[in-house]
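As the structure is a computational prediction, the values presented were derived from the model and not from experiment. Each chain gets a letter, A, B and so on, in the order the sequences are listed, and its residues count up from 1.
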Protein chains: 2
Amino acid sequence: MADTDHAFQPPARLRGLASWQANKVSTLGARLTAQRMPLSARADFAVLAALEEYGALSQAEIGRRLGLDRNDVSGILNRLESDRQVDRQADPANRRRNLVTVTAAGRRHLEELQQHADAVQAELLAGLDTAERRQLQSLLAKLLDSHKPQPA
Amino acid sequence: MADTDHAFQPPARLRGLASWQANKVSTLGARLTAQRMPLSARADFAVLAALEEYGALSQAEIGRRLGLDRNDVSGILNRLESDRQVDRQADPANRRRNLVTVTAAGRRHLEELQQHADAVQAELLAGLDTAERRQLQSLLAKLLDSHKPQPA
DNA sequence: TCGGCTATGTTGGGTGAGCCAACGTTGGCC
DNA sequence: GGCCAACGTTGGCTCACCCAACATAGCCGA
């Protein structure tokens with residue numbers, strides 16, 4: 001069993017790299033997510049969550065809050081708008097900006113996606129107990145906070 | 001300052017998702033990496049590390065150890081082989097398989113990439129102290145171990 | 001011995017994320 | 001009024017991940 005155990009182990013040089021570990025966890029999360037919904041729903045969830053928490057936002061603000069590029073935000077909003085989950089209208093106070101708001105359908109979709117997201121988290125973190133999960137999330141949060149100025 | 005502090009915060013629904021956090025850390029690592037080398041060097045590093053630690057491997061074994069698809073391994077090896085960092089020859093004992101080995105140039109390149117990788121880790125983990133770094137890496141390792149059967 | 005099954009490596013393609021460059025529009029500032 | 005910055009859009013590029021199909025080669029049981 002020790003044989004089969006170490007047979008598929010990644011090399012030590014990678015197991016020690018936090019960036020490699022994080023990348024693997026990330027694609028693991030993507031795999032689990034893809035089993036429940038189209039992968040593009042991840043971006044939808046992020047945008048809807050931002051609008052639900054902060055109210056009307058311009059596209060540039062959405063991008064800054066989520067760490068996304070302006071053009072990517074544009075594409076996501078096109079999809080969401082054609083599904084009537086989001087409302088996009090010119091800001092009368094500043095005609096450069098589009099004020100984006102969630103619709104009732106968008107809120108419903110957001111809650112639905114939250115269910116799937118919670119299920120994915122449970123699956124992803126299945127190997128950790130409650131204390132370890134909180135520890136991991138808090139360490140990741142601290143790491144991300146320390147890189148605040150990350151304007152994608 | 002509290003105003004500017006919360007101005008670019010991601011929504012709480014995302015801050016609580018371990019998969020979202022891991023994804024952000026992963027792209028952060030990719031960004032830091034890209035500042036020092038072409039991004040494709042990450043795959044090169046992984047393959048070279050596997051060959052250096054485990055000796056001659058078939059392409060399928062490389063893929064299983066690193067969580068990569070067979071076709072992607074193929075492409076990476078084409079690049080490495082044309083750079084003379086890797087040797088690919090038919091296994092006499094099983095002519096379906098290619099036995100892949102690192103060359104001296106490959107080992108040199110691996111050490112060089114390791115330097116850059118270490119620098120990236122230092123930058124990525126700058127916000128955590130030594131104990132927190134070890135804790136984070138061990139939690140990520142435990143999480144990945146709990147998902148062992150992940151044959152990409 | 002032969003037929004089916006699996007493993008291997010290759011090619012080609014498809015999607016999504018992340019990023020950069022360019023453009024026209026609009027606002028703010030001197 | 002003129003310059004610079006911000007905004008949204010379009011188009012394009014690279015990379016990671018994944019799926020399908022194919023030909024070759026080993027395995028194993030009938």
Only counting residues at least two apart or in another chain, list the ones meeting salt bridge (charged side-chain N to carboxylate O under 4.0 Å, His left out) with [X].
X	result
A:D72	none
A:R95	none
A:R97	A:E61, A:D91
A:R36	A:E123

Check the distance between [N]'s [atom2] and [X]'s [atom1] and give it to me in whole angstrom.
X	N	atom1	atom2	result
B:R42	D:dT14	CZ	C1'	11 Å
A:W20	D:dA16	CH2	C1'	15 Å
B:L39	D:dA16	CG	C1'	10 Å
B:D72	C:dT10	CG	C1'	12 Å
B:F45	D:dA16	CZ	P	14 Å
A:L28	D:dC17	CG	C1'	13 Å
A:L66	C:dG18	CG	C1'	14 Å
B:D44	D:dT14	CG	C1'	14 Å

Notebook entry, point to check: Is B:E132 salt-bridged to A:K142, cutoff N-O under 4.0 Å?
Noted result: yes

Note to self: Between A:E111 and B:R13, does any side-chain N to carboxylate O distance fall below 4.0 Å?
What the structure shows: yes

Check: Does the side chain of B:Q137 pick up a donor-acceptor pair with the side chain of A:R15 at under 3.5 Å?
Finding: no

Next item on the list: Decide whether B:Q85 and B:R107 meet the rule of one side-chain donor and one side-chain acceptor closer than 3.5 Å.
Entry: no

Check: Where the side chain of B:R95 is defined as all heavy atoms beyond and including C-beta, which of C:dG16, D:dC17, D:dA25 is the nearest nucleotide?
Finding: D:dA25

Next item on the list: Could you check which of D:dC17, C:dG16, D:dA16 has an atom nearest any side-chain atom of A:S40?
Entry: C:dG16

Next item on the list: Please state whether the phosphate of C:dC19, meaning OP1 or OP2, lies under 4.0 angstrom from any side-chain nitrogen or oxygen of B:R31.
Entry: yes

Check: Do you know which of B:L140, B:V25, B:N23 makes side-chain contact (heavy atoms from CB on, under 4.5 Å) with A:V25?
Finding: B:L140

Margin query: Students often get this wrong, so: under 4.0 angstrom with heavy atoms, is B:N23 touching a base, only sugar-phosphate, or nothing?
Written below: sugar-phosphate

Notebook entry, point to check: Looking at residues 112-127 of chain B, who's got a heavy atom less than 4.0 Å off DNA chain D?
Noted result: none

Check: Base, backbone or nothing for each nucleotide of nucleotides 2-9 of chain D, written B, S, -, heavy atoms under 4.0 angstrom, 5' to 3'?
Finding: ---BBSBB

